[in-house]
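Below is one structure, written out as structure tokens, with a few remarks after it.
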Amino acid sequence: QTQQKGYLLVHYTTPQHKQPTASAKSKRSDVSLLKMRFPSERFVVFCNFLSLLWIRAKRAQAQQLRHASRQQHEERQLADTSHLLTTFQVAKAEFLSKLHTDYGTDMFKTLFEDETGATIGRQAFGQGEKSDVAWERLRRKFMMHILRYQMKNQVQSFVWATAGDQVAAGRGNFFEESYSQVMDKSIQPIARAIGLKWETRPYGMSSLRSAPEIAACSKALFGEDVDLVSWDFTASDGPQVWRLEFFAHRIFRMDHAPALLVLQSDTARQPLVDHLTDMGMTILGENARFVRERLMRIPDSAVSRRNHTV
């Protein structure tokens, strides 16, 4: 027994005769797996060093690209602004000359100019406290289209959509005599002078209301590329102001965030127009009283003929 114990003692204490157990094998395999999964500290440091070098190389490459694009942008020649302004002034003068011919010089001043000789556009759509803000946003919209034309040297489209009831449809007149078509023919030469392709989409229809059906389907009806929409539903909507608010929110969800012109806007709708302007929308309300007073200056042909006969 003593010799057997001694043998056993030598067997367990001598390394060359030690037999590993199953648990020891599993521990060694676990350690080897850990070494394979988790590399040494030197390898980790080396990988981090390579990643830092890669990041710095990418940053340097991006900086070189930005510098090159900046140089290209500085070298790029925009369209001559003075020439663009000259062509616009010539087209505007021709348009005003045509109005002088159609209405006569005296009636032109009565209808389209104020006491100082300036045009009445700001007064016709200057109702409310927020009108200056809306005018500035509309001006920026035109500026962005003109700048795209200068940068790309490519004509930019500007789309006007007329939404309304029988008044917008021109009921009682020929289609070409509706105000949308007359405006389209008049403004196209001016738009071409500043690099814009003017497109008018007349979608007025008798007895239509602006909401909920038209407002909910505004993208499908007017197109997602529309830049300006005129609202002319006063006769059909009546005193229901909520329809205009529904319509405006749906219009401004389009891709181009179109401007909105509220025609025949009354005092009940003007607070809503100011509220929508505060929310960031480009919306202008027509001063219906001012426009009506201007239209009343047009002489009645029947009365003029009767007075001439007498």
Side-chain angles (χ1 to χ4, degrees), residues 120-142 158-173 178-180 183 199-295:
I120 62 172
R122 288 265 182 167
Q123 301 179 39
F125 287 91
Q127 186 180 8
E129 300 177 355
K130 310 295 182 180
S131 60
D132 292 338
V133 178
W135 270 105
E136 178 63 22
R137 291 172 182 169
L138 183 60
R139 185 178 69 89
R140 291 180 182 178
K141 181 177 287 292
F142 278 99
F158 193 94
V159 182
W160 168 303
T162 301
D165 48 25
Q166 57 271 11
V167 179
R171 188 179 64 178
N173 295 326
S178 62
Y179 65 77
S180 299
M183 180 196 64
E199 180 183 353
T200 302
R201 298 173 182 173
Y203 293 144
M205 186 176 294
S206 179
S207 302
L208 280 182
R209 293 183 177 181
S210 60
E213 293 85 0
I214 300 298
C217 303
S218 56
K219 286 187 178 182
L221 290 174
F222 308 129
E224 296 186 3
D225 59 341
V226 67
D227 297 292
L228 196 150
V229 179
S230 63
W231 181 95
D232 197 357
F233 291 93
T234 303
S236 58
D237 282 5
Q240 298 173 334
V241 182
W242 67 268
R243 297 182 186 274
L244 171 59
E245 185 174 9
F246 189 2
F247 184 86
H249 279 283
R250 295 295 300 176
I251 288 296
F252 288 109
R253 289 177 62 87
M254 293 185 181
D255 294 340
H256 291 190
L260 183 62
L261 297 183
V262 182
L263 303 182
Q264 303 185 44
S265 177
D266 51 13
T267 55
R269 290 181 173 86
Q270 190 55 46
L272 175 61
V273 172
D274 293 338
H275 170 68
L276 295 176
T277 304
D278 289 334
M279 294 182 64
M281 301 181 182
T282 305
I283 180 170
L284 285 167
E286 177 188 3
N287 191 342
R289 182 179 299 178
F290 176 82
V291 175
R292 192 179 303 111
E293 188 271 333
R294 287 280 170 166
L295 293 177

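Along the sequence shown, residues carry numbers from 1.
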Ignoring hydrogens, what is the shortest heavy-atom contact between [X] and [Y]? Give both atom names and the distance.
| X | Y | value |
| --- | --- | --- |
| Phe247 | Ala215 | CA-CB, 3.7 Å |
| Gly204 | Ala168 | CA-CB, 4.2 Å |
| Arg209 | Arg243 | NH1-NH2, 3.0 Å |
| Ala248 | Leu260 | CB-CD2, 3.8 Å |
| Gln166 | Ser207 | OE1-N, 3.0 Å |
| Phe246 | Pro212 | CE2-CB, 3.4 Å |

*Can Tyr203 and Ile214 be said to form a side chain to side chain contact (heavy atoms under 4.5 Å, CB included), step by step?*
CA-CA 11 Å; Tyr203 293 144; Ile214 300 298; over 6 Å; no
Would you confirm whether [X], through its side chain, and [Y], through its main-chain N or O, come within 3.5 Å as a donor-acceptor pair?
| X | Y | answer |
| --- | --- | --- |
| Thr282 | Leu138 | no |
| Arg122 | Trp135 | no |
| Asp232 | Thr162 | no |
| Thr234 | Gln264 | yes |
| Glu286 | Ala124 | no |
| Arg137 | Met281 | yes |
| Lys130 | Ile283 | no |
| Asp227 | Val159 | yes |

Straight-line distance of [X] [atom1] to [Y] [atom2], nearest 0.5 Å:
| X | Y | atom1 | atom2 | result |
| --- | --- | --- | --- | --- |
| His256 | Lys141 | NE2 | NZ | 8.5 Å |
| Arg289 | Ser265 | CZ | OG | 12.0 Å |
| Phe158 | Asp225 | CZ | CG | 11.5 Å |
| His249 | Ile251 | NE2 | CD1 | 12.0 Å |
| Phe125 | Leu263 | CZ | CG | 5.0 Å |
| Leu276 | Leu244 | CG | CG | 7.0 Å |

*In sequence, state the C-alpha distance, the side-chain angles, and the governing distance for Met183 and Trp160, and then conclude on side chain to side chain contact (heavy atoms under 4.5 Å, CB included).*
CA-CA 10 Å; Met183 180 196 64; Trp160 168 303; 3.5 Å; yes
*asked:* Pair Val229, Phe252 - check side chain to side chain contact (heavy atoms under 4.5 Å, CB included), show working.
replied: CA-CA 10 Å; Val229 179; Phe252 288 109; over 6 Å; no
_For Met254, I'd like to know if atom CE has over 12 heavy atoms of other residues, nucleotides or ligands within 6.0 Å._
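Check passes, neighbour count above 12.
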*Would you say the side-chain atoms of Asn287 and Gln123 include a donor-acceptor pair closer than 3.5 Å?*
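Per modelled atom types, Asn287 and Gln123 side chains form no pair under 3.5 Å.
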*Would you call Arg140 and Glu136 a salt bridge, taking side-chain N to carboxylate O under 4.0 Å as the test?*
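Yes, Arg140 and Glu136 are salt-bridged.
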*asked:* Run Phe290 and Ile120 through side chain to side chain contact (heavy atoms under 4.5 Å, CB included) and show every step you take.
replied: CA-CA 10 Å; Phe290 176 82; Ile120 62 172; 3.9 Å; yes
